[in-house]
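Below is one structure, written out as C-alpha cells; the observations come after it.
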Number of protein chains: 2
Amino acid sequence: MINYTNILREHNLKATPQRLAIADELYKKGHISIESLYELMVNKFSSISLATIYKNINLMLENSFIQEIKIPYSKSVYELTQAPHSHLACEKCFAVEDITIDLNSIIDIITKESSFKITSTNLVLSGICENCQLG
Amino acid sequence: MINYTNILREHNLKATPQRLAIADELYKKGHISIESLYELMVNKFSSISLATIYKNINLMLENSFIQEIKIPYSKSVYELTQAPHSHLACEKCFAVEDITIDLNSIIDIITKESSFKITSTNLVLSGICENCQLG
DNA sequence: TTATTAAAGGATAAATATTATTTTTTATAT
DNA sequence: ATATAAAAAATAATATTTATCCTTTAATAA
Ligand SMILES: [Mn+2]
Ligand SMILES: [Mn+2]
Ligand SMILES: [Zn+2]
Ligand SMILES: [Zn+2]
C-alpha cells in the first residue's frame, strides 16, 4: 500500500482523500476506465460527484500524474505515469496489459526517412489474452 | 476522382449521394474527424443531418469500409480502409500522415515471449510535422 | 419503365458524456 | 489556530452520440 501524498504534491496536486483513493485504485488495477473508476470510488465515498472524477482525471493528466491510453473499439483507460511502454488489449474481456517493447530502431528509421520529429510513441496491440484463449 | 459506387456496394452499403460524398472527402483528405466531415458535407448537402454523418460513419465502420484512428490528446479521425499502416500525428497542427512500418519482428517477439495472440496493431507516433518545424 | 420494398435521409428527441458554476468544505502554509 | 487558495459536492449547462418517426430513395424485379 503505497502512500501517494508526496507524489501528488510533486505534481502540484493537493493530496485529498479522493485523490489518494484514485491513485490507489490506479495502482491496484493498473488501467481503469472513467466509469469503472467512478464505481470503485462510490464504494469509498458514497457521496462523491462524477464531476470530481472528471476534474481530477483532467488535472492529473495536465500535471502528468497519470496518462490516458486510447484503445481501439473501446473506452480509454488511465494509468499512473511510468516509463513509456506499450499495451496489449484483449478484444474479448477488454483487459489491458503492459508490455515493454523497444521502438528505438523504428524511430531511427523514420527519423532518417522523413523529417517528422517524433516525441512520443503509442502502440496498442489488439488480440486475445491468455485467459480468453482458454474459455 | 474515383467512383465509389461499387466499392460501397461490395461493403453492403447502398451508394447514396451522401455516402459517395463522404467517400470522396475521405479519399481527398486522407483522415478526417467527425466535425470536419460534417462541415465539408454541409457545403455539398445544405440540409444534411448530423445524425446522417454518425449513422454512416458507424455503418461504414461495421462494414469495414472505413477505419477509426484514435489519436492521443486529440479527436479520432477516419480513413478509407486500406492495407494496415501506422500514423504520424502532429501535435501542433493535428495533421495525420500515413507511414508504413514493418512491425512483424515486434509481433514475433511478443508471440514468443507471451501467450497473447495479436490480431492487429495500432501505432501512432506523435511529434512535429515538417511544416510545423519551419514556422 | 413502373412498381415494390427495404434501407437511408432529415428532423428532432432522447440518452450519454463531459464541462461549468456555485456554494461548502478542506489541505496547506503561516 | 488562522487564513486562503484549492478541491469537493451539487447541480446546471454543453457537447457528443444515439434513437425515433416520418419521408424519400436506391436497388430489384416485374
Ligand atoms: Mn500501461
Ligand atoms: Mn492512415
Ligand atoms: Zn481477455
Ligand atoms: Zn504540423
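Values below: every heavy atom of this structure, side chains too, minus hydrogens, waters and symmetry copies. Letters A, B, ... mirror the listed sequences (proteins, then strands); counts begin at 1. Because the structure is a prediction, the values reported are computed rather than measured.
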DNA chain D nearest-nucleotide lookup for B:Lys75 and A:Lys55: closer to the 5′ end is A:Lys55

Separation of atom OH in A:Tyr54 from atom P in D:dA15, rounded to whole Å: 16 Å

Under 3.5 Å, is there a donor-acceptor pair between the B:Gln133 and A:Ser115 side chains? no

From the list D:dA9, C:dT19, D:dT20, which nucleotide is the closest neighbour of the side chain of A:Asn58? C:dT19

Please state how far atom CD in A:Glu39 lies from atom P in C:dA17, giving the value in whole angstrom units. 11 Å

Under the side chain to side chain donor-acceptor pair (under 3.5 Å) criterion, do B:Thr52 and B:Ser49 qualify, and how do the steps go? CA-CA 5 Å; B:Thr52 297; B:Ser49 171; 4.5 Å; no

Of B:Leu40, B:Val96, B:Leu37, the one forming a side chain to side chain contact (heavy atoms under 4.5 Å, CB included) with B:Lys29 is B:Leu40

The nucleotide from D:dA9, D:dA27, C:dG9 with an atom nearest the side chain of B:Asn56 is C:dG9

With a 4.5 Å heavy-atom cut-off, do B:Val77 and B:Phe94 have their side chains touching? no

Between A:Phe45 (CZ) and D:dA8 (P), how many Å, whole number? 9 Å

Membership question, hydrophobic clusters at under 4.5 Å side-chain separation (ILVMFWY): are B:Ile109 and B:Leu103 in the same one? no

Among D:dA7, D:dT17, C:dT28, the one nearest A:Leu59 by side-chain distance: D:dA7

Once you round to the nearest 0.5 Å, how far does CD of B:Gln67 lie from CG of B:Leu26? 11.5 Å

Quick one: B:Leu8 CG to C:dA7 C1', roughly how many Å, whole number? 14 Å

Mind checking if A:Ser49 touches a base, just sugar-phosphate, or nothing, with heavy atoms under 4.0 Å? base

B:Cys93 vs B:Cys129 side-chain heavy atoms within contact, under 4.5 Å: yes

Looking at B:Tyr27, I'd like to know if its OH atom is crowded, meaning that more than 12 non-hydrogen atoms belonging to other residues, nucleotides or ligands lie closer than 6.0 Å. no

Residue-level proximity of residues 12-36 of chain B to DNA chain D when a heavy atom falls under 4.0 Å: B:Lys14, B:Ala15, B:Pro17

Counting heavy atoms from C-beta on, name the nucleotide in C:dA20, D:dT18, C:dA8 closest to the side chain of A:Ala51. C:dA20

Rounding to an integer number of Å, can you tell me how far B:His11 NE2 sits from C:dA7 C1'? 18 Å

Contact nearer the 5' end of DNA chain D, comparing B:Leu50 with B:Arg9: B:Leu50

So if I take the C1' atoms of five pairs at each end of the helix from C:dT1-D:dA30 to C:dT30-D:dA1 and get each local axis, what angle do the two axes make, rounded to 10 degrees? 50°

Reported CG-to-CE distance for the pair B:Leu80 and B:Met60, which is rounded to 0.5 angstrom: 8.5 Å

Between P on C:dA17 and CD1 on A:Ile57, what's the gap in Å once rounded to a whole number? 15 Å

A:Glu68 has an atom CD; how far is it from atom P of C:dT18, in whole Å? 9 Å

Within this structure, what is the OH-to-C1' distance between A:Tyr78 and C:dA17, rounded to whole angstrom? 11 Å

Roughly how far, to the nearest 0.5 Å, is the CD atom of B:Glu97 from the CD atom of B:Glu130? 8.0 Å

